[in-house]
Novice: 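Supplied in structure tokens, the structure appears directly below.
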There are 2 protein chains.
Amino acid sequence: MSNPASPESANLPARFSHARHVQAKAVMEDYVEMISDLLAEMGEARIADIAQRMGVTHPTATKAVARLKTAGLAVSRPYRGVFLTEEGAALAEKVRARHRTLVDLLIAVGVPAEVAELDAEGMEHHVSDAALAAFRTYLAK
Amino acid sequence: MSNPASPESANLPARFSHARHVQAKAVMEDYVEMISDLLAEMGEARIADIAQRMGVTHPTATKAVARLKTAGLAVSRPYRGVFLTEEGAALAEKVRARHRTLVDLLIAVGVPAEVAELDAEGMEHHVSDAALAAFRTYLAK
DNA sequence: TGCAAAATTTAGCCGCGGCTATATTGTCTG
DNA sequence: CAGACAATATAGCCGCGGCTAAATTTTGCA
């Protein structure tokens, strides 16, 4: 039994640890979604376009893609465009849907659209499936 | 004029850049709030307690405090407890209030309390003043 | 077709924020 | 009051995710 007498500080370490774990995946999620967007728009995701849209230099994008490949989310041949694995594509879709739902929720509670987009970019990675479900239920009303 | 014909991808770099900038401050905010909590509870913030509550090893806490000192948020003498500067204390208060408001909002839209606490830990750093104001207005209804 | 320009990669730097292992300092007790 | 133990600090490692500068490959055009 979790002791209710112990202050709520007891599970704080776990909360912070969880937040760190989620955050570690955040950048990867952003790159995957961006690659997915570029594939849909232009049929190809080039390093230069990824870098430009992420607001990052080319070498940074190259390194990020290398990490994606190591993680099994993307594939590419040298000097060629980047593509997503099935797993990468699935992640992109999940991330995209979560982003939209969060923005919709923020707007629904009165946050200006511009602000909602800006804040959602960082918040979205920490929205759990349980929270997402609650958001959808709320928005359905 | 910002071209409305250009797709919304135009300001994406700025959005990501903003999210990265916010994220860079996140860990610091967490440590400052924790130190503030410890000062309130025990009159002193010791490295061992900071580390324990953050779910981190002692040396990691020491290094974090060093960064806080460099940033002008904390002060400490070697082998002694850590204290906050006025700026650090003000930041702690702001962070604490923002956290509470976010948790309240999540609960208000139907997120279970446990989940709200967990998700808020990571989301909170990205909640802008504008969004916070909207949250308060919503909760006041 | 061959060369110049553009795109990509590689190399190497930085600070952050984790870690383990070790050294140092403070404290408490026998 | 001395020595053991607890707390803190230091050293050094790692991967991430930025960067600049330089090498390499691809591409497009004269």
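All chains are named by letter (A, B, ...) in the order of the sequence lines, taking the proteins before the strands, and each is independently numbered beginning at 1.
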Novice: Considering just the side-chain nitrogens and oxygens of A/R80, establish if one lies under 4.0 Å of OP1 or OP2 belonging to D/dT27.
Specialist: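 Indeed, a polar side-chain atom of A/R80 lies that close.
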Novice: Below 4.5 Å, heavy atoms only, C-beta onward: do B/H99 and B/R96 meet side chain to side chain?
Specialist: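 No, every pair of side-chain atoms sits at 4.5 Å or beyond.
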Novice: What donor-acceptor contacts under 3.5 angstrom involve side-chain atoms of residues 81-90 of chain A, with partners at least two apart or in another chain?
Specialist:
unit_1 : atom_1 : unit_2 : atom_2 : d
A/T85  : OG1    : A/G72  : O      : 2.8
A/T85  : OG1    : A/L73  : O      : 3.2
A/T85  : OG1    : A/E87  : N      : 3.4
A/T85  : OG1    : A/G88  : N      : 3.0

Novice: How long is the line joining CZ of A/R77 and C1' of D/dT25, in whole Å?
Specialist: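 Result: 13 Å.
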Novice: Rounded to the Å, how far apart are B/H21 NE2 and C/dG15 P?
Specialist: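 Roughly 17 Å, once rounded to whole Å.
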Novice: When you group the ILVMFWY residues by side-chain heavy-atom contacts below 4.5 Å and let the links chain together, are A/F135 and A/V95 in the same group?
Specialist: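 Result: no, two separate clusters.
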Novice: To the nearest Å, how far apart are A/K69 NZ and C/dT8 P?
Specialist: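 Interatomic distance, NZ of A/K69 to P of C/dT8: 13 Å.
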Novice: Dump every N/O contact between nucleotides 17-23 of chain D and the protein below 3.5 Å, one line per pair.
Specialist:
unit_1 : atom_1 : unit_2 : atom_2 : d
D/dG17 : OP2    : A/R67  : NE     : 2.7
D/dG17 : OP2    : A/R67  : NH2    : 3.2
D/dG18 : OP2    : A/Y31  : OH     : 3.1
D/dG18 : O6     : A/K63  : NZ     : 2.4
D/dC19 : OP2    : A/T57  : N      : 2.8
D/dC19 : OP2    : A/T57  : OG1    : 2.8
D/dC19 : OP2    : A/T60  : OG1    : 2.9

Novice: To the nearest angstrom, how far is B/I50 atom CD1 from D/dA7 atom P?
Specialist: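 Distance, rounded to whole Å: 14 Å.
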Novice: Would you mind telling me which of B/K63, B/K69, B/R67 makes a side-chain contact (heavy atoms from CB on, under 4.5 Å) with B/V65?
Specialist: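 Exactly one option meets the side-chain contact (heavy atoms from CB on, under 4.5 Å) with B/V65, and it is B/K69.
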Novice: Taking the basic N atoms (NZ, or NE/NH1/NH2) and the acidic carboxylate oxygens, is any pair closer than 4.0 Å for A/D30 and B/R20?
Specialist: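 Not counted as a salt bridge, because no side-chain N and carboxylate O are separated by less than 4.0 Å.
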Novice: B/R46 CZ to C/dT27 C1': how many Å, rounded?
Specialist: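 B/R46 atom CZ is separated from C/dT27 atom C1' by 10 Å.
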Novice: Rounded to the nearest Å, what distance is computed from the CG atom of residue B/L68 to the P atom of nucleotide D/dA9?
Specialist: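 Value for this atom pair: 13 Å.
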Novice: Salt bridge check, A/D129 against A/R98: does any charged N sit closer than 4.0 Å to a carboxylate O?
Specialist: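 The answer is no: the pair does not qualify as a salt bridge.
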Novice: Mind calculating the distance between CG (B/D49) and C1' (D/dT8) to the nearest angstrom?
Specialist: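 Rounded to whole Å, this separation is 13 Å.
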